[in-house]
Protein chains: 2
Amino acid sequence: MKAVEKRAVYLKVRDQLADKIHSGIWLANDKLPAERQLSEQFDITRVTVRQALVQLEAEGLIFRANRRGWFVAPKRIDYDPSRDIGFVRYVEDQGFHARTETLSKQLVEAPQWLSQLTGLAEGTPVYEILRRRYINDRPCLVEKIFVNPKHCAGLLSHSLNQSLWELLRQHYQLEPAERYIEMYPQTLDAAIAQQLNVNTGCASLYMRRICHDQQGEFLELDEEFWLHNALKVVVSVKPPKP
Amino acid sequence: MKAVEKRAVYLKVRDQLADKIHSGIWLANDKLPAERQLSEQFDITRVTVRQALVQLEAEGLIFRANRRGWFVAPKRIDYDPSRDIGFVRYVEDQGFHARTETLSKQLVEAPQWLSQLTGLAEGTPVYEILRRRYINDRPCLVEKIFVNPKHCAGLLSHSLNQSLWELLRQHYQLEPAERYIEMYPQTLDAAIAQQLNVNTGCASLYMRRICHDQQGEFLELDEEFWLHNALKVVVSVKPPKP
DNA sequence: AAGTGGTCTAGACCACGTG
DNA sequence: ACGTGGTCTAGACCACTTT
């Protein structure tokens, strides 16, 4: 066992910056000093500064907005993918401001992978909705939704900047039964990264939700691409009775 | 709109390496060429090579073993945190080899944060178990478990290299009722990184599970530190009847 | 001892965002 | 126009693992 742990320069810098955040000297959404400024301050190269910053980013303590700078990350929001009370309300219950923006909506033919997952016949028309969601005016996720139009004709004529499930419930009396959820850490491809105003290859949490109704018919599939440091997933489950 | 998307050198290198993996030229657990060798091959600096490698690591396509090299990552395993059929069996059902190793087990006083989460009186004795789990001989997670000894006296005298829940069920007739699960992307601290033979600050998925029995009494809390590219979380939930 | 990744220096130019 | 991060070069030394 070593008496003294050797800690790389970039980790020491990380520690000092982390301190400023934890001690409240820098608050959520504050801009950090420029990289060049930090490199002078600590008398190290910009490369090393960036190593420290990237580390803090991976931890979720800071985030960057493409070419605008580094900022102190706000607290993660709790997110329960098994609930459907509406994103905006859910987030605002936690004291944040939330907003949804519809990027596109159209009727498309179900792609092959979707058919395989849901049992829909290939080529069946489905609604495809693309939305971007903000927390405190920071774009935090993009979601792509496929809805089975069978029981909700005319869905796209409604505003989709609100809770989709509230809409499905109130206008179409649809109710989700079982949800199959999948998620794993990933990175953002160029297209989605751009929509979130971050770098290609940025760390993310990918989440997919497939939802059927009580009769076992496919209702909705939802793919969410989250900034990895924006959320904490919480879910409460009871084991199936054997 | 640009006709041609400009792609950085390191992303082009990433693409070429990713191709070798996707096309099956390199197989799971194969070692990649040394960084210096790659930098010669592509006629770029080692820095740029590393940028490509780090990118692939973030995507989960490759992993590194501290100072030993870069390797093609095997497929993620599916992991359902709501089930308790036993890690080893669960993983082997998917065609992998799994192994569990107990790093330590002891009776400790419940730390404050544990009491706050579970409602246990502070200082109550609880079993603390530290385990490391392997998939195909690659250490993939470390878990720290706290068990309420109230209904399972003598637990630590058993071998803990097996399914804990099988043990609790068979020897103590304990059955989990509701589970509260939390998870989010994080990084590994120095201690855990070392136990997984990876670098400090390595990307991970943190998962915490709190489990009570039918009477609402605290049974077990489990903290898992996963290599971020080792798993895909899958969970199936039914919404509570309102 | 040799080879590997891990860290770090001291620069440079570019692309984009903001005033 | 200027400041910012994004990318890249061409080296160097260190710490650890493997042979």
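Just so it is clear: chains get the letters A, B, ... in the order the sequence lines come, proteins before strands, and each one is counted from 1.
Proximity of B:Thr48 to the phosphate of D:dT9: a side-chain N or O atom is located under 4.0 Å from OP1 or OP2. OP1 or OP2 of D:dG5 has not a single side-chain nitrogen or oxygen of A:Arg50 nearer than 4.0 Å.
Rounded to a whole Å, the CG atom of A:Asn197 is 17 Å from the P atom of D:dT4. Note: CZ (A:Arg64) to P (C:dG17) measures 15 Å, nearest angstrom. To the nearest angstrom, P of C:dG11 lies 17 Å from CD of A:Glu35. In this structure, A:Asp43 atom CG and C:dG11 atom P are separated by 12 Å, rounded to whole Å. If you take CD of A:Gln51 and P of D:dT7, they are 15 Å apart, rounded to a whole angstrom. The CZ-P distance, from B:Arg7 to C:dA15, rounds to 17 Å in whole Å. Residue B:Tyr10 contributes atom OH, which lies 17 Å from atom C1' of D:dT9 at whole-angstrom precision. Regarding A:Glu40, its CD atom lies at a distance of 14 Å from the P atom of C:dT9, rounded to whole Å.
Closest to the side chain of B:Ile44, out of D:dG5, D:dT9, C:dG5, is D:dT9. Checking C:dC8, D:dG6, D:dC16 against every side-chain atom of B:Arg67, the shortest atom distance belongs to D:dC16. Comparing C:dT7, D:dG6, D:dT7 by their nearest atom to the side chain of B:Ala8 picks out D:dT7. Minimum atom distance to the side chain of A:Arg68 is reached by C:dT18, of the listed D:dG6, D:dT7, C:dT18. For A:Asn66, the side-chain atoms get nearest to D:dG6 when compared with the rest of D:dC13, C:dA10, D:dG6. Checking C:dG5, D:dC8, D:dG5 against the side-chain heavy atoms of A:Lys31 singles out D:dG5 as nearest. Closest approach to the B:Thr45 side chain among D:dT7, D:dT9, C:dG5 is made by D:dT9 (side chain taken as heavy atoms from C-beta onward). In this structure, of D:dG6, D:dT7, C:dT9, it is D:dG6 that holds the atom nearest to the side chain of A:Arg36.
For the residue pair B:Thr100/B:Asn161, the side-chain donor-acceptor check at 3.5 Å is not satisfied. Side-chain contact of B:Trp70 with B:Glu35: a donor-acceptor pair under 3.5 Å is present, judged by distance alone.
The residue among B:Val9 and B:Arg46 whose nearest nucleotide of DNA chain D lies closer to the 5′ end is B:Val9. The residue among B:Gln37 and B:Val47 whose nearest nucleotide of DNA chain C lies closer to the 5′ end is B:Gln37.
In this structure, B:Arg208 forms no cation-pi arrangement with B:Trp113, as its terminal cationic atom is not both closer than 6.0 Å to the ring centre and no more than 45° off the ring axis. In this structure, B:Arg138 satisfies the cation-pi test against B:Phe63, with its NZ or CZ atom closer than 6.0 Å to the six-membered ring centre and inside 45 degrees of the ring normal.
Nearest heavy atom pair, residue A:Phe96 against residue A:Lys75, reads CZ-O, 3.9 Å.
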